[in-house]
Amino acid sequence: MALIVQKFGGTSVGDLDRIRNVASRVKAEVESGNEVAVVVSAMAGTTNQLVSWARDIGPMHDAREYDAIVATGEQVTVGLLAIALQNLGIDARSWLGWQIPVHTDEVHGAARIRSIDTDVMRARLATGQVAVVAGFQGLAPDGRISTLGRGGSDTSAVALAAALNADRCDIYTDVDGVYTTDPRIAPRAQKLDQITFEEMLEMASLGAKVLQTRSVAMAMRHNVNLQVRSSFTDAPGTLVVNEDAIVEQEKISGIAYSPDEAKLTIQGLPDRPGIAAAIFGTLADSHINVDMIVQTAASEGQKTDITFSLGRGDLAKALEIIESGRETLGFDGVDAQDDVTKISVVGMAMRSQPGVARTMFETLAERGINIEVISTSEIKISVLIAAEYTELAVRSLHTAFGLDAED
Ligand code: ASP
Ligand code: MG
């Protein structure tokens, strides 16, 4: 007998028929003799609606009340799923975050899970009862409901799997796994049978939004057996595994892209210690995440340029901050561009295989695509390019790295 955590996302519980479909999936797991805890999201579209109501009611924003509002979506789906299961003859009970409880920190709206009390739930699971758990929510130290940030029910599921020491955590979604790239722009993308946590982390943070990035990091830390699969088909999904589980990888794993990027260049900065610290320090103080950074080398006594990329949504604020420091920083000018995309080649294979960068740069050069910024990690090479070339770049790289599916 195994203990399984299943997680169903918003589209999987999008209407009553779909909730009934989820119930039969859960039933199958119970009938194979397993103990099952199911984590669910709100019905597709519900959380968006709740968030906009919370915003539109008036100019005041109170994060505690925001949480009281947006956590309701999951309250509806756990109740419905529990009833759907009972109608199939399965003993099931719903659990809200505060009932378990899932203890979080005090950051309402973007809380982090601190611990989960599983004693009572374990006892119930042992009697064969299915626990239907509301994702996305917890209990803050102030005794009020907290939520984990958008997409947080993936994190709820992984955290619960870790706390219960579950044998598997199956994430059911509307795609049947993790792909070599986005199939919507590269129709020859293929489903990966497995991917390592490290690669998945890169893919997730680079815009392949199958799993919330935080949930992948947490699964890696706690060694949770993670699987992404479709709630609409029986096709096997993608296993997210430890590095040692993969014998040797010859191919790179995927091409990720992140469209909502912007680029900022500060021109003619004095080349002296403390300049970068001053710039990135003030940006960090305003919670602006900076991603790729390049500084041009300056010869003795010369000025230097610093270029960095950041989320498009932060560009206006970053510009304002930089401009306000013009006097103290003493630079000549700023150049901002908001029509750039970050394209990344990701794979453990590049640790053992030389020439990945070369293939990437040559492929882009052959298509006449200019590279504006480059950054690398051990298992990833990213470039910033003009947004208009996104599809061409993704498709060409997908082909160049031998990832295209055969006809
Ligand atoms: N319902 C929440 C959201 O839409 C949490 C989730 O679906 O993961 O962000
Ligand atoms: Mg989701």
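Indexing begins at 1, ligand by ligand and atom by atom, following the structure's order.
- We find the CD1-CG distance between Ile100 and Leu160 to be 6.5 Å, quoted to the nearest 0.5 Å.
- Taking the ring-ring contact (aromatic ring centres under 6.0 Å, His included) definition, one finds that Tyr66 meets it with His61, sequence neighbours left out.
- Per-residue contacts place Ser41 under 4.0 angstrom from the following atoms of ligand 1 (heavy atoms of the residue considered): 6 (C), 7 (O), 8 (O).
- For ligand 1, the polar-atom distance check against Phe136 finds no nitrogen or oxygen pair separated by under 3.5 Å.
- A donor-acceptor pair under 3.5 Å is formed between the side chain of Gln190 and the backbone N or O of Leu403.
- A heavy-atom separation below 4.0 Å is not found between Gly135 and ligand 1.
- With Glu199 contributing its side chain and Thr196 its backbone, the two residues share a donor-acceptor pair below 3.5 Å.
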What pairs of donor and acceptor atoms, side-chain ones from residues 262-271 against any protein atom, are under 3.5 angstrom apart with sequence neighbours left out?
unit_1, atom_1, unit_2, atom_2, d
Lys263, NZ, Gln337, OE1, 3.4
Lys263, NZ, Glu372, OE1, 2.7
Thr265, OG1, Thr307, OG1, 3.0

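- At a heavy-atom cutoff of 4.0 Å, ligand 1 is contacted by no atom of Gln212, backbone or side chain.
- The distance from ligand 1 to the heavy atoms of Arg150 drops below 4.0 Å at these ligand atoms: 3 (C), 4 (O), 9 (O).
- Evaluated by nearest non-hydrogen atom to atom 2 (C) of ligand 1, the leading choice among Met43, Glu74, Gln137, Lys7 is Glu74.
- At least one heavy atom of Gly152 sits closer than 4.0 Å to an atom of ligand 1.
- At distances below 3.5 Å, not a single donor-acceptor pair connects side-chain atoms of His108 with backbone N or O atoms of Arg144.
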